Amino acid sequence: MLELKSVNLKRAKVETLAVPVCEDGDIHNDQTLKSLVAAAKAKAEFKGKAGDRLTLFQPEGTKIERAVLFGVGKAEDLEAETLRAFAGKAVKFCIKAGLAGVTIATPAAAAIKLDAALLFRAIMEGGCLGNHIFDRYKAKKETKPLRKIVLLSTAAQKKAHAGLVGSVAAVCSGSTMAREWVTTPSNDKRPPAFAGTIQKAAKAAKLKVTVRDERWLKQQKFGAMLAVGQGSIAKPRLVTLEYAPREAKKTVVLVGKGVTFDSGGINLKPSGSIETMKMDMSGAAAVAGTMLAVARLKPAVKVVGVMPLVENMPSGTAIRPGDIIRSYAGKTVEIGNTDAEGRLILIDAMAWAVKQYKPDTMIDLATLTGACVVALGEKIAGVFSKDQQLADAIVAAGQATHERCWQLPLPEDYKELLKNDFADLNNISSGRWGGAITAALFLSEFVGETSWAHIDIAGPAWAKKASHYCGAGGTGFGVRLLCELIEELRA
Ligand code: BES
Ligand code: ZN
Ligand code: ZN
């Protein structure tokens, strides 16, 4: 579906050509592209400014049926994200027009600050992700994804970057899988069902899969996780996915919060907060999506995905505020609020993962707190780690992929806020402020000496509105980030 191709634009028949155009400099070397840009800029309505768009039908001297020019702003401001957005817009434009494919012109690396690998990758990602449509629940499918996305390159570039197509496709496929799982309604992904879905996808990818049920969790004393799940008739599952290449020297464990619906429990969420809580398994979806990509990327590091899956429901069997539970690690926790359930399932999964896998690095992803969304908004994740190198690597991977992360602190003295008169810890803070931090500090009590980072994705896991290369709903946030990071951690 994705392809790098060397094409002579003067002679070749092209159905639809998408061309990025800067408002100042010329970013193309090809003569045909240069004359298309000149022809477009001769029109009053097109200057190459961000958001400009112009279609030229059957441009003179070519066999191009239509050339669609997209303004991308100033050449010096052009970043990988500008190109992802351009490619996403181009693909969405073609989908809307009912076309079957698109040929995308790529800027000359010398004309912009990005090298060829980065610019090809960005355009492939934007195109691939923008081509994803989630219409499983619609009887009438209104639009169809493109069957072919071709990027123009020189013959030498095609040779040099042949591996890119496969790796970008792997990452984007993990990302769109995660999106679909997040957007899938909770009635179709209760823990046993979601575990089965992950299992099936992972088996097809040749990953080692293990699904543990409630009986196993009881035997192993996953007291915190079971407490959250006890209000639902759909029982908890613990899913693990393993990728273990022979040459691996290090182990990375990824843990994802998998609350398939967060009603809040007995501390029921009010209208306005509850409607989108099918997305509360976005951490698990990102971890599963990453594992599927890893199976194809084949990095030289052992990667394990751990996904505790539960449904948080109020009922006659649900946990109550004031209940005291004993976690897998042995520490007791008083339930100050049944809506602070994510941290409960994570502490059992993480304490177990540390014991089971002795990871060199452990990272958890979780839609953990509304407070993190208050702090950083809906597009930036919060990162917490005492290992500054790890935090820096995550922030850097966020910059590279535009799955943006911002570090927040883990101040020792705030641990005071989690003290409890009767149990070892309270699951909520006694104070009103800094809820993302106190949640992260709560988790930090259960990871031992492991180099660990927590990423709160409560904001960016879900999009109310579509953007250039992502539809409304689950965003798949975390998959591209983690794939990039694993690439870095390998060394
Ligand atoms: N799943 C929510 C956090 C959340 C909020 C995710 C908004 C996505 C968007 C989490 O389980 C929760 O309810 N957290 C509470 C914690 C509080 C009770 C200490 C919150 O953030 O209000
Ligand atoms: Zn909650
Ligand atoms: Zn939750």
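In each ligand, atom 1 is the first atom listed, and ligand 1 is the first ligand listed. We're numbering straight along the sequence, starting at 1. The structure displayed is predicted, hence computed values, not measured ones.
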Original post:
Should K235 and E311 count as an ion pair when the cut-off is N to O under 4.0 Å?
Top reply: no
Original post:
Taking 4.0 angstrom as the limit, do D339 and K269 come out as a salt bridge?
Top reply: yes
Original post:
Does K138 pair with E142 as a salt bridge, N-O distance under 4.0 Å?
Top reply: no
Original post:
Is the gap between the ring centers of W452 and F384 under 6.0 Å?
Top reply: no
Original post:
Using 4.0 Å as the upper bound for N to carboxylate O, is an ion pair formed by K386 and E412?
Top reply: yes
Original post:
Taking the six-membered ring of Y243, is the NZ or CZ of K208 close enough (under 6.0 Å from the centre) and on axis enough (within 45°)?
Top reply: no
Original post:
Under 4.0 Å between a Lys/Arg side-chain N and an Asp/Glu carboxylate O for E378 and K464?
Top reply: yes
**OP:** For ligand 1, would you mind listing the residues that have at least one heavy atom less than 4.0 Å away, ordered by chain and number?
**Re:** K257, D262, K269, M277, M279, D280, N337, D339, E341, R343, T367, L368, T369, G370, I428, A458
**OP:** Quick one: do H402 and E79 satisfy side chain to side chain donor-acceptor pair (under 3.5 Å)? Show the steps, please.
**Re:** CA-CA 10 Å; H402 204 69; E79 294 176 346; over 6 Å; no
Original post:
Counting no waters, what protein N/O/S atoms lie under 2.8 Å from the Zn ion (ligand 3)?
Top reply: K257 NZ, D262 OD2, D280 OD2, E341 OE2
Original post:
Once the angle between the rings of W216 and W352 is folded into 0 to 90°, is it parallel (under 30°), tilted (30 to 60°) or perpendicular (over 60°)?
Top reply: perpendicular
